[in-house]
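We name chains A, B, ... by the order of the sequence lines, and we start the count at 1 in each one. Note that the coordinates shown come from a computational prediction; the quantities given were computed from them, not determined experimentally.
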Amino acid sequence: MLALEHLSKTYADGTRALSDINLTVHEGEIVSLIGGSGCGKTTLLRLIAGLDRASAGRIRLDDEVLTGPHPAVGIVFQEPRLLPWLSVSDNIAFGLDGVGAAEKKARVSHALSKVGLIEHADRWPRDLSGGQQQRVSIARAFVTNPKVLLLDEPFSALDAFTRASLHEHLLGLWEETRPTVVLVTHDVQEAVTLADRAIVMQPKPGRILDELPLTLSRPRDRTGLPFETSVRRILTALDHSLKAPQLQPQRERDRQAAALWW
Amino acid sequence: MTGQATSNAWSSHEGAAALAAPALTEKRRAFDWRILLGFFLPIAVALLWEGAVALGLAQGRLVPPPSRIIATLWGLAQTGELWTHTWMTLWRVLVGFVIGAVAGIVLGALSGSSKTTRQLLDPTLQALRAIPSIAWVPLFILWLGIFEASKVALIAVGVFFPVYLGIAGAILSVDRKLVEVGHVFRLSRVQLARRILLPAVLPEAVIALRSGLGLGFMFVVAAEFMGASEGLGYLLVDGQQMGKPDQILAAIIAFALLGKIADSLLVAGTKPLVRWQDTVRERL
């Protein structure tokens with residue numbers, strides 16, 4: 001279980017990226033963080049990954065408080081971030097340091113076949129298309145068998161067809177070990193396709209506005225009515241998140257009203 | 001499920017296309033005869049001059065015709081003088097290059113990898129860099145004598161700065177995003193340096209070493225001007241003092257060949273290290 005408790009992040013320049021985030025993600029659950037740009041989604045993932053430090057609050061994984069990068073937490077970035085000097089299979093094996101050679105090989109080739117790139121094992125990243133590179137990056141994160149997998153808009157740079165095929169690859173890998181997944185996205189369809197729960201966030205400062213359970217059975221039919229309904233519900237919540245004035249605290253509204261008085 | 005089927009179809013299609021690609025690029029291209037066009041101008045000028053001297057239109061005393069230069073080179077090679085001088089020059093460049101490059105790599109790495117050491121080292125080194133290296137010559141001769149040590153020191157100074165700047169700059173410009181990948185996999189500082197920083201700086205390091213080597217050849221001439229009895233630079237000075245322009249030109253040609261060969265060897269030797277680079281070079 002991944003628990004975020006009163007998590008806040010204020011950058012050195014005073015920008016409040018996140019304020020008082022409380023969220024519990026159950027084991028094996030796929031949670032999607034959704035919201036407009038600048039609402040701290042990526043910041044939140046970087047905090048969980050241990051790449052940035054929270055200004056306040058803490059992150060717990062089961063009984064452990066996370067203070068930095070943790071072996072049980074994997075991340076797939078927005079860009080593939082493959083190491084250009086390593087072959088595809090060496091890139092996937094990058095995080096498998098303490099693992100014996102034979103097992104390493106077996107795990108890498110299993111991950112490669114799962115993402116459908118087994119015939120590209122010995123090529124350089126530069127020879128792959130953007131979608132293939134992102135598949136390698138997903139395999140690199142999965143191969144260490146993380147308990148928690150963080151996905152930071154990993155499909156946002158890809159076209160709709162590639163994205164759909166990557167959703168399949170991702171769910172295929174997820175089925176095997178069922179890690180907890182936190183998926184950041186701004187694509188409502190993607191959230192409904194993959195997640196068990198959608199967390200709608202609101203900007204300035206980043207905080208959680210609403211939670212919507214997505215209980216559709218898998219595999220999900222993207223053309224069915226329940227899918228459409230869920231998409232609409234999230235869109236409505238997003239609309240609310242952008243109509244900030246109504247939802248701002250009373251005091252803030254009073255202050256603005258005072259400023260507009262004359 | 002249809003999604004799974006189509007995704008498989010995509011991946012195999014992509015695979016087929018990607019596998020077909022190298023066959024096309026690796027197809028041997030026909031030899032481009034236009035490459036020889038570059039030889040036209042120098043050969044034409046050489047032949048014209050040769051003809052002018054042969055017909056008595058020019059004296060060719062200060063600007064010897066190509067045949068005389070070749071004859072001089074041949075003569076020097078026959079007596080073995082050419083090899084003694086070449087070997088001497090090469091040895092000086094090599095020792096100076098190794099000393100300067102090692103110092104440049106070590107200090108460049110120190111200055112690039114930590115802000116504290118950079119603030120400690122960089123201002124001093126930048127101030128020293130502002131001094132024209134030849135200005136050190138009198139001091140080096142006083143300190144190290146007129147023999148090999150002062151020459152090698154001068155060459156090492158010349159090689160040091162481009163290597164230092166190149167390495168420090170390369171480390172500073174390593175992509176933060178790749179370093180973060182190392183952080184995510186909890187690499188120690190040493191592992192991070194070995195597995196991410198080192199490979200990432202290699203392409204720029206090679207360029208820094210190449211410009212260092214080029215400067216090494218530049219400074220060996222200066223070093224051999226300051227009182228040498230052997231070396232291609234000595235041949236230049238000797239040619240000037242004895243009024244033998246053909247010997248000067250022969251030494252210049254030897255320098256050109258030597259520099260080009262050394263650079264090519266450096267490039268060939270480091271090529272396996274930077275094979276992965278995604279550069280435009282291979283596609284042109």
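- The part of B:L187 that comes within reach of chain A is its side chain, from C-beta onward, which places non-hydrogen atoms under 4.5 angstrom from that chain.
- Annotation: A:E27, atom CD; neighbour count of heavy atoms from other residues, nucleotides and ligands within 6.0 Å does not exceed 12.
- Residues A:D122 and A:S87 have side chains that never bring a donor and an acceptor to within less than 3.5 angstrom of each other.
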A:E168/A:S165 under side chain to side chain donor-acceptor pair (under 3.5 Å): CA gap, chis, key distance, verdict = CA-CA 5 Å; A:E168 303 290 341; A:S165 103; over 6 Å; no

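- Ranked by heavy-atom pairs shorter than 4.5 Å toward chain B, the options A:L128, A:I75, A:L82, A:D97 are led by A:D97.
- When heavy atoms are compared at a cutoff of 4.5 Å, A:R46 approaches chain B solely by way of its side chain, counted from C-beta outward.
- For a residue to count as touching a neighbouring chain, one of its non-hydrogen atoms must lie under 4.5 Å from one of that chain's; by this rule A:P125 does not touch chain B.
- Of the possible donor and acceptor atoms, one in the side chain of A:R126 sits under 3.5 Å from a partner among the backbone N and O of B:W276.
- Counting non-hydrogen atoms of other residues, nucleotides and ligands closer than 6.0 Å to CZ of B:R34 gives a total of 12 or fewer.
- Counting heavy atoms from C-beta on, the side chains of B:F160 and B:L125 come closer than 4.5 Å.
- For A:F77, the part lying under 4.5 angstrom from a heavy atom of chain B is the side chain only.
- Proximity to chain B is limited to the backbone of A:H70, based on heavy atoms less than 4.5 angstrom apart.
- Heavy-atom pairs under 4.5 Å with chain B were tallied for A:G68, A:P84, A:G95; the largest tally goes to A:P84.
- Only the side chain of A:W124 comes within contact range of chain B, judged by heavy atoms closer than 4.5 Å.
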